[in-house]
Amino acid sequence: MLKSEQVFKPGAFPDYTYVSREFDSPNISYELRLKQAMKISGCLTSLIGPSKMGKTILCEKVIGFDKIVEVSGADFTDDIDFWDVVAAKAGLPYDLEVTKSTTIKDSIEDENYKKTDKYRLVKDKVIEYYRANELVLVLDDFHYAIPEKREKIAQQLKDAIRREFKAIVVSLPHRSDDAIRQNSDLSGRLSLINIEPWCENELKQIAIKGFNELNISISDKIAHKIAVESLTSPQLMQYICLSICTLHGVDEKKVEKIDESKLEKAYRFTTMNFDYRDVVNILSKGPNTRGKKRNIYKTTDGQEVDIYGLIVESLAKNPPITELHFNDLKDRIDTLIVGEEKPNKKALRDSLKKLQELLNTKENIYKALEWKDDKVYIVDPLFLFYLRWGRN
Ligand SMILES: Nc1ncnc2c1ncn2[C@@H]1O[C@H](COP(=O)(O)OP(=O)(O)O)[C@@H](O)[C@H]1O
Ligand SMILES: [Mg+2]
């Protein structure tokens with residue numbers, strides 16, 4: 001008998017609930033697309049998509065655990081040599097130092113020469129090792145590498161791929177991938193793959209597959225409901241399904257079917273894994289007013305909040321949407337307020353702008369939300385999920 005945690009795996013490779021997705025047109029799967037990209041020798045594959053959308057899992061699926069070598073952008077601090085890391089992760093001896101360098105005179109002037117010489121030899125060996133063993137380097141979360149390092153890495157990769165070194169660079173959308181995609185040295189040598197957010201039907205498959213494996217029946221309606229709450233994220237889907245299993249006690253007793261009345265509790269239970277309390281606080285407080293008083297509004301939920309509180313509350317409302325146009329936000333806010341007085345459009349736009357400026361000064365976890373092109377984007381689906389279910 002399978003246990004629920006073997007079936008639903010929010011943090012690891014989901015053997016039993018892996019779902020294959022297709023591009024809209026032409027109708028080919030992501031797996032096939034990635035396979036094809038890797039066949040083109042001399043090209044670097046750039047895989048881009050929002051956080052937690054299955055980029056790493058896709059690489060693992062296509063390449064397989066015996067051939068994949070995963071390194072993270074975070075592994076490259078300033079003083080670490082790219083090829084040393086790439087060698088070490090593949091299990092090559094860390095110090096490939098070659099005897100040749102000892103024949104060089106040990107003077108200060110020779111230091112540099114010695115270094116580059118050693119370096120070139122290490123690089124040659126690593127490339128050869130990868131080729132001989134058909135290994136594929138997945139440079140994951142490239143956005144974590146510091147910008148100067150990204151340029152240097154791109155340079156190294158450019159040279160290596162010509163020699164049939166296979167590599168995939170994985171990164172978030174927006175500028176973090178500029179070193180690769182905007183690099184003129186690499187133009188014509190890139191295979192580009194963009195991972196789209198998951199649609200409801202794709203998310204549903206995870207629940208249907210998993211409960212099927214556990215011999216529990218789940219109605220289409222329930223699978224659909226969970227998919228909507230999962231907000232385009234397969235990871236959230238896996239989390240919620242696992243919570244549902246725990247609440248039903250599926251590993252302790254025979255459970256026939258999923259009980260719809262337990263869903264909301266499962267959502268709340270799931271939020272215990274996420275901590276966005278500080279983020280919510282910062283957002284609903286807004287920027288420092290320097291003593292100026294803000295208008296206070298009464299909401300249909302019986303709260304008294306200012307304009308920043310209204311923004312946060314309205315994002316949490318139904319239906320959950322990760323991309324909200326200004327007019328829709330304004331409508332949501334107006335409906336939320338009890339009474340005639342509503343904030344005007346200008347004030348609302350100003351507040352959104354200030355909120356964005358405030359977030360720009362904060363650490364990454366606070367960048368859950370973005371205001372641009374007259375839209376509010378919720379960049380981090382887990383944050384929206386927390387807003388909806390984590391606060392009471
Ligand atoms: N194809 C898939 N089928 C089912 N679940 C998936 C799939 N891809 C991702 N997931 C779920 O989402 C989680 C996060 O995926 P991951 O690849 O780590 O995201 P990313 O690398 O884009 O941040 C996985 O641990 C898994 O639970
Ligand atoms: Mg990843």
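Heavy atoms only: backbone and side chains are in, while hydrogens, waters and symmetry mates are out. Each ligand, and each atom within it, is numbered from 1 in the order the structure gives.
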*Asks:* Go through it in stages, so that I can follow the logic: the residues are Asn360 and Gln356, the test is side-chain hydrogen bond (donor to acceptor under 3.5 Å, both in side chains), and I'd like the CA-CA distance, side-chain angles, deciding distance and then a yes or no.
*Replies:* CA-CA 6 Å; Asn360 288 345; Gln356 183 64 59; 3.0 Å; yes

*Asks:* Compile the protein residues with any heavy atom at a distance under 4.0 Å from an atom of ligand 1; present them by chain, then by number.
*Replies:*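 Lining ligand 1: Lys9, Pro10, Gly11, Ala12, Pro14, Thr17, Tyr18, Val19, Pro50, Ser51, Lys52, Met53, Gly54, Lys55, Thr56, Ile57, Trp198, Ile206, Pro234, Gln235, Gln238.
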
*Asks:* Which atoms form the tightest heavy-atom contact between Glu260 and Lys225, and what is the distance?
*Replies:*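 Glu260 and Lys225 have their closest heavy atoms at OE2-NZ, 2.7 Å.
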
*Asks:* Using a strict 4.0 Å threshold on nitrogen-to-oxygen distance, state whether Glu31 and Lys35 make a salt bridge.
*Replies:*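 No.
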
*Asks:* Return all side-chain donor-acceptor pairs below 3.5 angstrom for residues 47-65, not counting sequence neighbours, or 'none' if the list is empty.
*Replies:*
unit_1 : atom_1 : unit_2 : atom_2 : d
Lys55  : NZ     : Gly49  : O      : 3.1
Lys55  : NZ     : Pro50  : O      : 2.8
Thr56  : OG1    : Asp140 : OD2    : 2.6

*Asks:* Would Lys372 pass as a cation-pi partner of Tyr377, given that its NZ or CZ must be under 6.0 Å from the six-membered ring centre and within 45 degrees of the axis?
*Replies:*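 Because its charged atom sits under 6.0 Å from the ring centre and within 45° of the axis, Lys372 does stack over Tyr377.
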
*Asks:* Under a 4.0 Å threshold between the charged nitrogen and the carboxylate oxygen, would Glu128 count as salt-bridged to Arg131?
*Replies:*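 Yes.
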
*Asks:* Hey, are Lys123 and Asp81 close enough for a salt bridge, meaning a charged N less than 4.0 Å from a carboxylate O?
*Replies:*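 No salt bridge links Lys123 with Asp81.
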
*Asks:* Listing request: all side-chain hydrogen bond (donor to acceptor under 3.5 Å, both in side chains) pairs with a residue in residues 205-214, at least two apart in sequence or in separate chains.
*Replies:*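 Matches after skipping sequence neighbours: none remain.
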
*Asks:* Return the minimal non-hydrogen interatomic distance between His248 and Lys253, and the atom names on each side.
*Replies:*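 Taking His248 first and Lys253 second, the nearest heavy atoms are O-NZ, 3.2 Å.
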
*Asks:* Below 2.8 Å, which protein N, O or S atoms neighbour the Mg ion (ligand 2), ignoring water?
*Replies:*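 Metal shell, protein only: Thr56 OG1.
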
